[in-house]
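Some notes on the structure that comes next.
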Number of protein chains: 2
Amino acid sequence: MFRGNHPTRVDEKGRLKVPAEFKRRVDELYGPQFFITSKDGKRAELYPMKEWERIEDALAKAPSSGAKKKFLDVTNYYGQVVEMDAQGRLLLPQLLREDATLAGDVAVLGMQTYLVVANDAQHRAQLAESPLTDADIDALGVVGI
Amino acid sequence: MFRGNHPTRVDEKGRLKVPAEFKRRVDELYGPQFFITSKDGKRAELYPMKEWERIEDALAKAPSSGAKKKFLDVTNYYGQVVEMDAQGRLLLPQLLREDATLAGDVAVLGMQTYLVVANDAQHRAQLAESPLTDADIDALGVVGI
DNA sequence: TCTTAGTGGAAAGAAGTGGAAGAAAGTGGT
DNA sequence: ACCACTTTCTTCCACTTCTTTCCACTAAGA
């Protein structure tokens, strides 16, 4: 399980340094292979290969639909299989770097089964724009929050 | 399995450079022969010959229908058997190059068993036109995305 | 001070590109 | 009908550019 925010940097070659905390988990639970993609072109999502394959399988079983087609179109457009180097760096796909403004300082968020990489300023703006409401929390139906 | 997007170029002779990542897979699993066609004239689809033959077989067993006739009509209209050269290039059928505006920068998308070649700008425009919404994602009902 | 995390960059190798030379196909004239 | 010429197509060679990998240094924390 990936948890929390670990700020890191993207160098001029477009390489993302995977924060040590996340790298430990990756080494332990998964291999060095990732599927890096995006659902909106605004932030990168890093799926350990196993997790992405699980999603592909689930998707293959789902009936054809507009949503499914759109999902495949966009995730395949931004997506690339990428291998982490010995120093724990991932070369982000160029299209995604450009569209999501991923350069210099970025935030890496643990989202349970995958990681999100976002431009810090952009991410703050989005949080401000669509904040979590009481109604959202109620809808989750989770006790103790 | 073909996955993700590997941008490449079509030169003035109409030759598509197959991205190295995809070429490796082709060399490994299939031969250099492809069936290049389209279902809508808007983007090219590249089927390794084996995969296309599998489709033909399935089609031969299906009962005659309007859908089948239309499928054969359009795929045979645009279709051509093409062999990859030693440098990993495919000469795209001229009709398809014209109708799908395949020149200069193009996106090559891995769709599991086949590849899609699309004009980059055109594909982006389509993504922008019908974006993937939160509701779409909810509708998929897949855990962990 | 020692160990672990993070960074930069050089060298080797792979990928991509253009174009020249050879082959094939098409055309016209005797 | 055959030959010669022209033009187009195809294949392959050679160069350039980019990518990847790995080494070594710096910085930070224990």
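Order of the sequence lines sets the chain letters (A, B, ...), proteins ahead of strands, with each chain counted from 1.
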Query raised in the report: Which part of the nucleic acid, if any, lies within reach of Ala20(A) when heavy atoms closer than 4.0 Å are counted: base, sugar-phosphate only, or nothing?
Result: sugar-phosphate

Requested in this report: For dT7(C), take OP1 and OP2 only and decide whether either is under 4.0 Å from a side-chain N or O of Arg9(A).
Outcome: yes

Query - Closest-nucleotide ordering on DNA chain C, the 5'-leading residue of Pro19(A) and Lys13(B) - result: Pro19(A)

Query raised in the report: When we call it a touch if two heavy atoms are under 4.0 Å apart, what does Arg89(B) touch: a base, just sugar-phosphate, or nothing?
Result: base

Query raised in the report: Which whole-number value in Å describes the distance from Glu83(B) CD to dC12(D) P?
Result: 11 Å

Requested in this report: Please determine, for the side chain of Asp11(B), which listed nucleotide (dT20(D), dC23(D), dG18(C)) has the closest atom?
Outcome: dG18(C)

Report task. Would you tell me if any nitrogen or oxygen in the side chain of Arg24(B) comes within less than 4.0 Å of OP1 or OP2 on dA15(C)? Result -> yes

Query - Under-4.0 Å side-chain N/O to phosphate OP1/OP2 contact, Arg15(A) with dT7(C) - result: no

Query raised in the report: Does any donor atom in the side chain of Tyr47(B) or Glu53(B) lie under 3.5 Å from an acceptor atom in the other side chain?
Result: no

Report task. Would you please test Met84(A) and Asp27(A) for side-chain contact (heavy atoms from CB on, under 4.5 Å) and show each step? Result -> CA-CA 10 Å; Met84(A) 196 165 59; Asp27(A) 290 343; 3.9 Å; yes

Query raised in the report: Below 4.0 angstrom, N of the basic side chain to O of the carboxylate: do Lys69(A) and Asp73(A) qualify?
Result: yes

Requested in this report: Please confirm whether the backbone N or O of Leu92(A) pairs with a side-chain atom of Arg97(A), one donor and one acceptor, at under 3.5 Å?
Outcome: yes

Query - Among dC12(D), dG19(C), dG8(C), the nucleotide that comes nearest once only the side chain of Asp85(B) is considered - result: dC12(D)

Requested in this report: Assign Lys23(A) to base, sugar-phosphate, or nothing according to its heavy-atom contacts below 4.0 angstrom with the strands shown.
Outcome: nothing

Report task. Identify which nucleotide among dT11(D), dT7(C), dT17(C) has an atom closest to any side-chain atom of Lys17(A), counting heavy atoms from C-beta outward. Result -> dT7(C)

